[in-house]
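What follows is a single structure, written as structure tokens, with notes after it.
In this text, all values refer to a predicted model and were calculated from it rather than measured experimentally. No hydrogens, no waters, no symmetry mates; every other heavy atom, side chains included, goes into these values.
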There are 2 protein chains.
Amino acid sequence: MIRGVKTRRHPENTREKTYMSQADTKQDTKQLILDAAERLFARNGFHNTSLRSITSKAGVNLAAVNYHFGSKGALLDKVFERRLLPLNKIRQDKLEDVRNSAKKQGRRPGVEDVLRAFIEPTLCFRNSGQGAEDFIVLVGRTIHEPDNTVLKIFLSHVDPLFNLIFEILQEALPDIPKDHLFWRLQFTFGALGHTMCKVDRLQFLSEGLTPGPDTNSLTQMLVQFVTAGMETT
Amino acid sequence: MIRGVKTRRHPENTREKTYMSQADTKQDTKQLILDAAERLFARNGFHNTSLRSITSKAGVNLAAVNYHFGSKGALLDKVFERRLLPLNKIRQDKLEDVRNSAKKQGRRPGVEDVLRAFIEPTLCFRNSGQGAEDFIVLVGRTIHEPDNTVLKIFLSHVDPLFNLIFEILQEALPDIPKDHLFWRLQFTFGALGHTMCKVDRLQFLSEGLTPGPDTNSLTQMLVQFVTAGMETT
DNA sequence: GTTTGATTTAAACACATGTTTGAATACCTG
DNA sequence: CAGGTATTCAAACATGTGTTTAAATCAAAC
């Protein structure tokens with residue numbers, strides 16, 4: 001947990017959950033709040049979303065957020081955690097697959113493989129369940145979040161993964177100076193984050209083109225783009 | 001002006017500025033507000049910046065913002081306008097230089113030239129005067145701004161330029177499908193916007209490397225990266 | 001049925017927000 | 001100086017914010 005969460009009657013903090021058959025109901029409320037918060041944070045931003053709009057969308061009482069999560073910031077933390085735990089597992093597994101199968105074959109990891117291992121699960125996560133599209137937009141935006149409190153909550157969930165892909169990229173491209181590689185990875189994160197934000201808002205340019213590509217071809221386009229940028233000499 | 005700005009005693013709306021020698025003083029106050037707002041919007045975001053923090057940083061009265069600008073949103077509009085008018089002029093001129101000198105020589109515009117004509121003035125704008133660094137961060141963040149009101153204010157200033165570079169890119173790469181080119185340009189905007197945000201916050205990854213490159217080498221790295229991505233087949 | 005603890009509820013709290021007001025002040029014109 | 005306008009100022013306004021409280025409700029345990 002990042003920020004000191006004010007907890008007095010927070011159920012998570014009572015010694016033991018004595019009555020567990022109430023779990024269903026409580027999980028329901030928590031899920032409803034998480035779902036509503038995810039969507040509203042993604043659409044309006046953290047600071048521009050009120051707890052009242054969240055709870056009214058979720059159909060629960062205003063005090064439920066502070067009761068179940070402790071604070072608005074802790075709620076954001078849980079919104080990230082719920083999706084990022086499984087997503088990061090997938091990305092980490094794929095990245096280490098690329099690394100290991102290269103090592104087994106006595107060669108360097110392929111740049112395109114590394115980038116795809118990171119990008120594909122991220123973009124495909126959109127199609128992985130209700131509300132997942134909102135979450136992807138939320139993440140894409142949080143990368144550029146001005147508020148440091150919000151940014152730190154997010155980074156605490158993705159920092160290890162960012163370090164991992166940076167390591168493997170160094171193995172894939174040992175001849176490119178480390179600081180160059182660092183910035184090329186930043187360019188990649190920028191392109192990916194932007195894609196995550198804009199993928200379902202076709203009205204970016206004033207002309208009404210861009211019928212909105214499917215996830216697979218978008219992934220392919222992005223991987224191709226950043227691979228070329230990463231490998232150029 | 002984008003949003004309906006509530007104006008009752010707004011000086012800009014009086015028929016004529018009869019007494020012009022007060023312009024100095026008034027401009028002072030407006031400049032002070034613009035400077036403070038630019039910095040605070042960049043650091044904390046639009047919604048997380050209060051008019052009270054702006055006016056207290058500027059050393060002026062709280063009511064000055066509504067008096068001189070009409071509303072908080074109109075202030076943001078002017079913050080963009082002040083910097084974007086000259087910056088867009090430079091970028092447009094450079095882009096049309098590339099286009100025209102190619103046409104004169106009877107060849108297609110060079111992809112790297114096009115991208116550099118857009119990226120170089122943007123990143124170099126950081127070094128162009130006091131507060132310009134803040135503005136660059138502000139723009140980089142606004143690209144991903146959740147709030148539609150804020151986003152529209154920004155887009156109204158950059159839309160023509162985005163269309164121009166898209167046109168010239170199509171001339172430079174006529175064999176690449178239009179929708180592919182569109183997304184590659186989006187990837188480029190994403191990478192550029194991310195760079196604008198992160199250029200002076202070295203603490204992105206947990207390791208403390210990245211001594212912060214100078215603007216020129218960063219420009220070179222980014223242009224090289226996106227050129228390769230744009231040209232790949 | 002009574003007790004016990006978890007959860008929900010309506011109300012309030014304390015404070016921050018953008019905006020507006022009317023009087024005071026500053027400044028130029030005649 | 002007088003007259004008039006532009007600007008500043010302190011105060012208030014109306015509303016929205018995250019959080020807290022104490023009572024009410026609920027479900028299982030004994």
Kindly write out the residues that satisfy ring pair (Phe, Tyr, Trp, His ring centres under 6.0 Å) with A:Phe41, not counting sequence neighbours, or none if the list is empty.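 Listed in chain order: A:Phe46.
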
In whole Å, I'd like the distance from the [atom1] atom of [X] to the [atom2] atom of [N].
X: B:His68; N: D:dC9; atom1: NE2; atom2: C1'; value: 12 Å
X: A:Phe41; N: D:dG18; atom1: CZ; atom2: C1'; value: 12 Å
X: A:Asn61; N: C:dT9; atom1: CG; atom2: C1'; value: 5 Å
X: B:Asn66; N: D:dT8; atom1: CG; atom2: C1'; value: 14 Å
X: B:Ile54; N: C:dT17; atom1: CD1; atom2: P; value: 11 Å
X: A:Asp28; N: C:dT7; atom1: CG; atom2: P; value: 12 Å
X: A:Leu62; N: C:dT8; atom1: CG; atom2: P; value: 13 Å
X: A:Phe69; N: C:dA6; atom1: CZ; atom2: P; value: 18 Å

* Residues from residues 44-52 of chain A sitting under 4.0 Å of DNA chain D, heavy atoms only? ->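 Correct list: A:Thr49, A:Ser50, A:Leu51, A:Arg52.
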
Check: A:Phe118 ring centre within less than 6.0 Å of A:Phe189 ring centre:
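Yes, they do, as the ring centres are separated by less than 6.0 Å.
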
Run the salt bridge (charged side-chain N to carboxylate O under 4.0 Å, His left out) test against [X] and tell me which residues pass, sequence neighbours left out.
X: A:Asp35; answer: A:Arg82
X: A:Lys89; answer: A:Asp93
X: A:Glu96; answer: none

**Item:** Residue list, side-chain hydrogen bond (donor to acceptor under 3.5 Å, both in side chains) with B:Thr215, at least two apart or on another chain
**Value:**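 For B:Thr215 the side-chain hydrogen bond (donor to acceptor under 3.5 Å, both in side chains) partners, ignoring immediate neighbours, are B:Asn127.
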
Testing the 3.5 Å rule here: is there a donor-acceptor pair between the side chains of A:Ser217 and A:Asp214?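 Short answer, yes.
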
Let's see if you can work this out: which of C:dA6, C:dT9, C:dT19 has an atom nearest to the side-chain heavy atoms of A:Tyr67?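 Closest of the options to the side chain of A:Tyr67: C:dA6.
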
Which nucleotide in the set D:dC9, C:dA10, C:dT8 lies at the smallest distance from any side-chain heavy atom of A:Ala63?
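Selected nucleotide (nearest to the side chain): C:dA10.
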
Discussion item. On the nucleotide C:dG18, are OP1 or OP2 found under 4.0 Å from the side-chain N or O atoms that B:Ser71 carries?
Written reply: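 B:Ser71 to C:dG18 OP1/OP2: no side-chain N or O under 4.0 Å.
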
